[in-house]
Amino acid sequence: MSNKKVFKLTVNGEEQEFLAEPRELLIHTLRERLGKTGPHIGCETSHCGACTVTLNGKSVKSCTVFVAQADGAEITTIEGLGNPDNLHVLQESFKEHHGLQCGFCTPGMITRASKLLEENPNPTEQEVRFGMAGNICRCTGYQNIVKSILAAAAEMNAAKEAAE
Amino acid sequence: MSVAKPLPHDSARGHVTGAARYVDDIPVPVGCLHLAFGLSEIAHGRVTEMDLSAVKSAPGVRLVLSPDNLIPMPDCSPSIHDEPLLGGPEVKYLGQPLFIVAATSHLAARRAARLAKVSYEKAPAILTIDDALAANSRFEDGPRIWARGDAEAAIASAPNMLEGQLEIGGQEHFYLEGQAAMALPQEGDDMLVHSSTQHPTEIQHKVAHALEVPMHAVRVETRRMGGGFGGKESQGNALAIACAMAARATGQPCKMRYDRDDDMMITGKRHDFRLGYRVGFDDDGRVQGIEFLHWARCGWAQDLSLPVADRAMLHADNAYWLPHVRIESHRMKTHTQSATAFRGFGGPQGMIGVERVMDHIAHHLGADPVEVRQRNYYSSEGSTTPYGQTVEDFELDGITEALLASSEYAARKQAVADWNAKNPVLKKGIGFSPVKFGISFTLTHLNQAGALVHVYQDGSIHMNHGGTEMGQGLFQKVSQVAASVFGVDPSVVKITATDTAKVPNTSATAASSGADLNGMAVKIACETLRTRIAEHLSEIHQADPATVQFADGQVRVGDRTISFSDAAKSAYEARISLSATGFYKTPKLAWDRIKGEGRPFFYFAYGAAVTEVVIDTLTGENRILRTDILHDAGNSLNPALDIGQVEGAYVQGAGWLTTEELVWDNDGRLRTHAPSTYKIPACSDRPDLFNVDLWNRENREETIYRSKAVGEPPFMLGISAFMALSDAVSACGDTYPDLQAPATAEQVLAAIGRAQR
Ligand code: FES
Ligand code: FES
């Protein structure tokens, strides 16, 4: 019952081409096909945000996107944001401000936060809290997550100012 | 010294880049099969026919295991062998696994599992505490009863008497990483298992038993969990055993991860409880006699229900001197998921009972609820718990005083009253609650831990212990301990996955004991090695071994200083063993659970919280406005990690008592089996103002660097949110509102109705 098709995605700047069932979920494509295991599976029903990636400039929960819907798209996962030797400001900030415990929600949190700060580079605490409400963390109570995002925003703004 | 430093979590760099591996992230070998369970559709009855032909012929399916070809049926129970891996013919709850499918992909296995045709003969199901009481369906022959003095007489002769009942809902763990395991067949009969578990030794034991091999043939490795909270103390057994059985049958690696819905349908949750109380007290609110009745809904199998219900009894006093007391605990058996360990392990349910009593007394007398609590605190006049342990380290007088000042309790209480006088619709409330939580496993023999430490000839250090990492920062804390013994930077210490082949016979990482036990074991192992190195160097340099110092990556012997790595190399060349084990067992414990007497706990951990809330009296909706916490972590091993534990625990505790509601329908089907219907606190639900501080006093007992356990105790600070809601509802009328938990909007609305009666 193969109705497989060829799909093309650009993931973290790399072009990928493969044969898949159109209804394959993007999170499975990323994790199982492309080895991007940073985005995690927490619920598979778009409620927890562990699978958050950026698709054509928007935060999406990749567990509720069919690969067919993502055909031709540009996708950024946590792996595309930075790596252990070269951390993104948000990654550094989550690490330094203890915005994580078990770390399972972290890749989705940071990916979402990176979009949030693009949409709103100078958010209030309230805006961060509501902007992140689609990502569940069961460990931290969110306090340090909010702190990490605000600190990263301040740092990014300071860097921008210095550049200007 | 690296202990007490607020260093980031050891895996933080991996976490933030997605490089930290969980079981589901481990690259699978070629030919790996994926497993799914087929689940029962009824709560109680018999399977009359199970036609699995469509399952077997579904695309990708390689193996189907059912009671017909799984003989003998493996057992998953951590306690009394009452949990067959697969149900049938008798079915004990809706969601019980009945067969196993192994297929070429996770989705193929799950799709195939849906194709079974199962016929049942239904029997009446015992679902609720009332059902179970009517049928006398219980664990143990009758209730457990612990008593001191004559509670009945003391209540009868007291100037005031109150009684009441409190329903307390359960709680889903919702560890963000669902249960997962992978079994890899090795040479001969050996099996390697990766498991997301708090208890690798138990997994090893149960898998060995299922495979009918000695424990030495099974190796279990756990690098980290994406959250545990008690839900991975015993609930991972089924997956690991299923994977091992399928791997044995096929010779192929087998992996299983529960889909979230399956996870919620299959696994146990926090016990829901019903609590009854009767209390006699004087006109100042001092308790003279008190009786508690506990009914715990344990589900279909015993699992850890007895120690959970015991711990509820052990926390019925919380922080208060109860001169005459009687606690009666019923452990009810029902056709529902087998309730299991969850942060606090029964403690929260026991504790909220007496907190409700304090609230009720204060309301009755029109007194300040904090003052009533303070009058009842343990003191030199009354310092013995109902079970006979003397409270030697009562920190709550100081904590309470400091917290009331820092949170400006008195002024805010007045402001809340002023607000309520002016606002007819939105009512505010403020609540205080203290925590005294007993630290140690109540099953005394579990209070032991082992460690294995190697120093390599280049001076790098490999550290291993029996504890597991689930986000609490145990590995980081313990590596700080190791680094400080050797006087090196923590980066020199390699933290390695928990492995039953390195440290055997370990206890679950539970009861908040992880750092206490494993930190000590690691310290002991490191000290053994340090002594060997010191003796070796002092012999070469003609110095007294006691004067050799290890600091800043250097070793000082007499007036010479060499680097730690040169010291290690020198010891190696002198043929000194650079590998050592460490072993620790908690001292002073003696406990008789049948009598309810002795010293079950090495020490107590304390804390207190003030929470302010607002409710909408038209809808029952509510929000937490501000929370102030002062929590006792002893001499904190890492204040940043400890504060993180406190914050996370509070939010989880408040979630338990407010939004997190589990609903079963009349057929015994859990209706709230996904985050769409089960509401976990989100980022936007967190208190607007959240002030958390540690109470920095050293532990009077000799724990690791005089620190205190911090995993569970702050969970119960969430009770202050419930007390604040009760206070807000009380502003709506004169009758005691009798708020029930969880205080969902519906419950708040119902309580408002009662208050206005
Ligand atoms: S896994 Fe996609 S939102 Fe939870
Ligand atoms: S750190 Fe564990 S879920 Fe967020």
Side-chain angles (χ1 to χ4, degrees), chain A residues 1 24-25 28 31-32 35-48 50 77-79 81-84 87-88 90-107 110 125-126 128-146, chain B residues 6 8-9 11-22 24-27 59 105-107 173-178 224-229 257 259-261 469-473 640-641 643-652 674-676 680-688 690 692:
Chain A
M1 49 164 228
E24 181 171 293
L25 296 172
H28 296 150
R31 290 178 53 84
E32 280 148 37
K36 303 285 179 240
T37 51
H40 293 138
I41 296 174
C43 69
E44 284 174 292
T45 50
S46 81
H47 285 95
C48 76
T77 68
I78 187 73
E79 289 93 342
L81 228 54
N83 60 55
L87 297 183
H88 181 275
L90 269 164
Q91 291 173 320
E92 185 68 36
S93 185
F94 268 69
K95 170 173 153 286
E96 286 308 307
H97 294 96
H98 310 276
L100 52 90
Q101 285 178 23
C102 80
F104 201 78
C105 69
T106 315
I110 294 181
E125 190 179 324
Q126 194 76 357
V128 170
R129 293 221 251 126
F130 283 84
M132 296 301 295
N135 289 64
I136 290 177
C137 174
R138 191 51 154 165
C139 301
T140 62
Y142 305 100
Q143 179 84 337
N144 288 338
I145 289 178
V146 174
Chain B
H9 193 285
S11 288
R13 197 172 283 276
H15 289 151
V16 300
T17 52
R21 270 189 196 164
Y22 303 82
D24 195 31
D25 301 338
I26 300 172
S105 78
H106 174 74
L107 285 179
H173 302 84
F174 213 93
Y175 23 65
L176 211 60
E177 176 213 28
R224 64 172 61 75
M225 284 161 270
F229 315 116
R257 76 169 168 84
D259 165 84
R260 180 61 64 181
D261 291 68
E469 176 64 41
M470 59 195 107
Q472 81 279 43
L641 297 180
I643 284 180
Q645 284 296 301
V646 175
E647 290 167 353
Y650 170 84
V651 170
Q652 202 173 56
S676 50
I680 294 148
C683 198
S684 44
D685 300 321
R686 197 201 61 144
D688 289 343
F690 198 2
V692 178

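Below, chains carry the letters A, B, ... as their sequence lines are ordered, and counting in each starts from 1.
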Where do B:A12 and A:K95 come nearest, in terms of heavy atoms and distance? CB-CG, 3.6 Å
Chain A contacts, top residue of B:F690, B:F229, B:F174, B:Y22 (heavy-atom pairs, under 4.5 Å): B:Y22
So, do B:L107 and A:E24 sit near enough that their side-chain heavy atoms are less than 4.5 Å apart? no
One should read off an interatomic distance between A:H28 NE2 and B:S105 OG, to the nearest 0.5 angstrom, of 9.0 Å
Evaluate the side chain to side chain contact (heavy atoms under 4.5 Å, CB included) criterion for residues B:V16 and A:E92: first the C-alpha distance (whole Å), next the side-chain angles of each, then the deciding distance (0.1 Å), finally the verdict. CA-CA 8 Å; B:V16 300; A:E92 185 68 36; over 6 Å; no
Out of curiosity, B:R13 CZ to A:L87 CG, how far, rounded to the nearest 0.5 Å? 4.5 Å
Heavy-atom closest contact (A:E96 atom, B:P8 atom, distance): OE2-CG, 3.9 Å
Given heavy-atom pairs under 4.5 angstrom as the criterion, report whether the side chain, backbone, both or neither of B:S11 touches chain A. neither
Can B:H9 and A:Q101 be said to form a side chain to side chain contact (heavy atoms under 4.5 Å, CB included), step by step? CA-CA 7 Å; B:H9 193 285; A:Q101 285 178 23; 5.7 Å; no
Closest heavy-atom pair, A:I78 versus B:G18, reported as atoms and distance to 0.1 Å, is CG2-CA, 4.0 Å
Hey, mind stepping through B:Q652 and A:R138 against side chain to side chain contact (heavy atoms under 4.5 Å, CB included) and telling me if it holds? CA-CA 7 Å; B:Q652 202 173 56; A:R138 191 51 154 165; 3.6 Å; yes
Between A:G38, A:C102, A:C137, who has the most heavy-atom pairs with chain B when the cutoff is under 4.5 Å? A:C102
Under a 4.5 Å heavy-atom cut-off, does chain A meet the side chain of B:P687, its backbone, both or neither? backbone
Distance check, rounded to the nearest 0.5 Å: B:E647 atom CD versus A:C139 atom SG? 12.5 Å
Side chain, backbone, both or neither: which part of A:I136 has a non-hydrogen atom closer than 4.5 Å to chain B? both
Examine distances only and state if a side-chain atom of A:Y142 and a backbone atom of B:P681 form a donor-acceptor pair shorter than 3.5 Å. yes
Does the B:R260 side chain pair with the main chain of A:G42, one donor and one acceptor, at a distance under 3.5 Å? yes
Where do A:C48 and B:L176 come nearest, in terms of heavy atoms and distance? CB-CD1, 4.2 Å
Tell me, side chain or backbone of A:Q143 under 4.5 Å from chain B's heavy atoms, or both, or neither? both
Under 4.5 Å from any heavy atom of chain B - which part of A:T45: side chain
Does the pair A:H40 and B:D25 meet the rule for a side chain to side chain contact (heavy atoms under 4.5 Å, CB included), with working shown? CA-CA 9 Å; A:H40 293 138; B:D25 301 338; 3.3 Å; yes
Which residue out of B:V651, B:D24, B:L641 racks up the most heavy-atom pairs below 4.5 Å with chain A? B:D24
Atom group of A:L90 that falls short of 4.5 Å from chain B, counting heavy atoms: neither
Mark yes or no for whether B:R257, through its side chain, and A:I41, through its backbone, hold a donor-acceptor pair below 3.5 Å. no
One option among B:I643, B:V692, B:D261, B:I680 has the most heavy-atom pairs under 4.5 Å with chain A, and it is B:I680
Measuring heavy-atom distances to chain B, does A:H88 have an atom under 4.5 Å in its side chain, in its backbone, in both, or in neither? neither
What part of A:N144 lies closer than 4.5 angstrom to a heavy atom of chain B: side chain, backbone, both or neither? both
Identify the two heavy atoms, one from B:P675 and one from A:C43, that lie closest to each other, and give their separation to 0.1 Å. CG-CB, 3.8 Å
